[in-house]
Protein chains: 2
Amino acid sequence: MIQPGDLQCLKALAVMGGCRGSVRLSTLTLSSSLGTSPQTASRRLQSLERQMLVSRAVTAEGQDITITRKGEEELRREYAELRRIFEEEPVQYTLRGQVITGLGEGRYYMSLEPYRKQFQASLGFEPYPGTLNIRLDSQSVQVRKRLENLEWIRINGFAADHRTFGEARCLPCRIREVPCGIVLPVRSHYPEDILEIVAPTGLRERYGYRDADMVEVEVIA
Amino acid sequence: MIQPGDLQCLKALAVMGGCRGSVRLSTLTLSSSLGTSPQTASRRLQSLERQMLVSRAVTAEGQDITITRKGEEELRREYAELRRIFEEEPVQYTLRGQVITGLGEGRYYMSLEPYRKQFQASLGFEPYPGTLNIRLDSQSVQVRKRLENLEWIRINGFAADHRTFGEARCLPCRIREVPCGIVLPVRSHYPEDILEIVAPTGLRERYGYRDADMVEVEVIA
DNA sequence: ATTACTAGTAGACGAGTAA
DNA sequence: TTTACTCGTCTACTAGTAA
């Protein structure tokens, strides 16, 4: 197993072009790129050479470093691991929390036709008049923040009855077998540990959810 | 700047799925994946938390770890760096060595019509009757080995004058402005520090190369 | 079982120096 | 200038232990 410090050094050498030919450098330049002393940089190069991860030609004016096949393989393993994390697997987020009782606003908004029509169009179902509120655990709050990077569906605001109804955004998700949506107002601030779920059916009725019951929300990016 | 050891730990957590939700683990399981003691694993987690790269919920039966947005960004930076090395840039190899005098076999083989025709077809030029032999420096020998992974052109053998002429392989390259090819017999062993170059013109004449002159061979994958 | 403390030690670090 | 040695220090590790 390659040591973290050695790996960092090997990667720095690759960035300098060590995979495509020899790189001329001094321990001083390498050390500044590693954030260590020149002595440590020198030690690292010796260590990499001993492990046959690089090949060296040391002269009085510096050294020529080439990453060997074995060294490149090591870097490619690292690369493959990261790619698996970020690319290969379908990115799926799991949020956990417990059912709570909201302010009843969800029920009201879900009864408004302009909202209903937009949810129907974007989520593919007629929203049940009422939302499920979930208080996320501390871990899921972090996951929740990550969802900001995903593509939310825009729900336009409108005016009616001498007032305006604000813009919202919505992210498709799933609770058990039921396709749902996370709804969030765009303008007004919303607690980061609360999730408001719109669904085609009443989830409390369907699954017998009561306050403080644990639920899992799946989001597939 | 994140420390190499912390980065290793963060990556291990990501492999376990820490980017898509919380991961339940114990210091013992983490330590075995890092190759350290459980104590060090514990310290790493504390360090990552202090840097706000992960969020933790520590219980008596283990801990739930979630990689924060900042932590994921750190990993993505790492990923981007490796991708630049292996994907983005056109992979170009540079080999260095000095001109030497070969055994004159190259000249003979290059005079044989079946070989000539195949070189013409695959490299796009009529080979000059004679090859340039190059002794690679120790660094370039390492680069030379890396070329094995590239796609070489097959040059078929043939029979003539009661003997057989062996199969060879060829890799397009460039010396200065001249498109050339590296030639290598397939069956017989060839010194790993010697490069035999076939070119459309006599390189010695064109550039006035003499023995011991330094030359650079560029290979673009 | 856990986590994370304290303690003692080993190894890594940077400064100085020689080649 | 370089590299890489020796040396003293201090960090970072593992072992043991408490919660």
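Here is how names work: the chains are called A, B, and so on, in the same order as the sequence lines, proteins then strands, and each is numbered from 1. None of these values were measured; they are calculated from a predicted model. The figures here come from the full heavy-atom set of this structure, side chains too, leaving out hydrogens, waters and symmetry mates.
Between the side chains of Gln63(B) and Arg56(B), at least one donor N or O lies within less than 3.5 Å of an accepting N or O. No hydrogens or angles considered: nothing links the side chains of Arg44(A) and Ser47(A) as a donor-acceptor pair under 3.5 Å. A donor and an acceptor atom, one from each side chain of Glu49(B) and Ser55(B), are nowhere located under 3.5 Å apart. At a cut-off of 3.5 Å, with distance as the only test, no side-chain donor of Tyr109(A) or Glu196(A) sits close to an acceptor on the other residue. Gln98(A) and Asp213(A) are not linked by any side-chain donor-acceptor pair at a separation below 3.5 angstrom, with hydrogens and angles left out of the test. Checking Ser42(A) against Gln46(A) by side-chain atom types alone, a donor-acceptor pair falls below 3.5 Å. There is a side-chain donor-acceptor pair under 3.5 Å between Thr94(B) and Glu218(B).
Between Leu28(A) atom CG and dA4(D) atom P there is a gap of 14 Å when expressed in whole angstrom units. Rounded to whole Å, atom C1' of dA12(C) lies 16 Å from atom CG of Leu45(A). Atom C1' of nucleotide dT3(C) and atom CD of Glu49(B) are separated by 12 Å, given to the nearest angstrom. Per the geometry, CD belonging to Gln3(B) stands 10 Å off C1' belonging to dA12(D), to the nearest Å. Put simply, CD on Gln8(A) is 14 Å from C1' on dA12(C), counting in whole angstrom units. For the pair Leu34(B) CG and dC13(D) P, the computed distance is 11 Å after rounding to whole Å.
Comparing dT3(C), dG14(C), dC13(D) against the side chain of Val58(B) picks out dT3(C) as the nearest. Among the nucleotides dT3(C), dC13(C), dA12(D), the one closest to the side chain of Arg43(A) is dC13(C). The Ser42(B) side chain lies nearest to dT3(C) when the options are dT3(C), dG14(C), dT14(D). Picking from dT2(C), dC5(D), dT14(D) the nucleotide with the shortest atom distance to the side chain of Thr40(B) gives dT14(D). Among the nucleotides dG16(D), dC13(D), dT3(D), the one closest to the side chain of Gln39(B) is dG16(D).
Residue Leu30(B) is classed as having no contact, given no heavy-atom separation below 4.0 Å to the nucleic acid. The residue Arg24(B) sits apart from the nucleic acid: no heavy atom pair falls under 4.0 Å. Among the atoms of the strands shown, only primed sugar atoms or phosphate atoms (P, OP1, OP2) are found under 4.0 Å from some heavy atom of Arg44(B).
Look at Thr27(A) and you'll find a side-chain N or O under 4.0 angstrom from OP1 or OP2 of dT3(D). The phosphate of dT3(D) has OP1 or OP2 within less than 4.0 Å of a side-chain N or O from Gln63(A). OP1 or OP2 of dC5(C) lies within a sub-4.0 Å distance of a side-chain N or O belonging to Gln46(B).
Axis angle across the helix from dT2(C)-dA19(D) to dA19(C)-dT2(D), with five pairs used at each end and values rounded to 10°: 40°.
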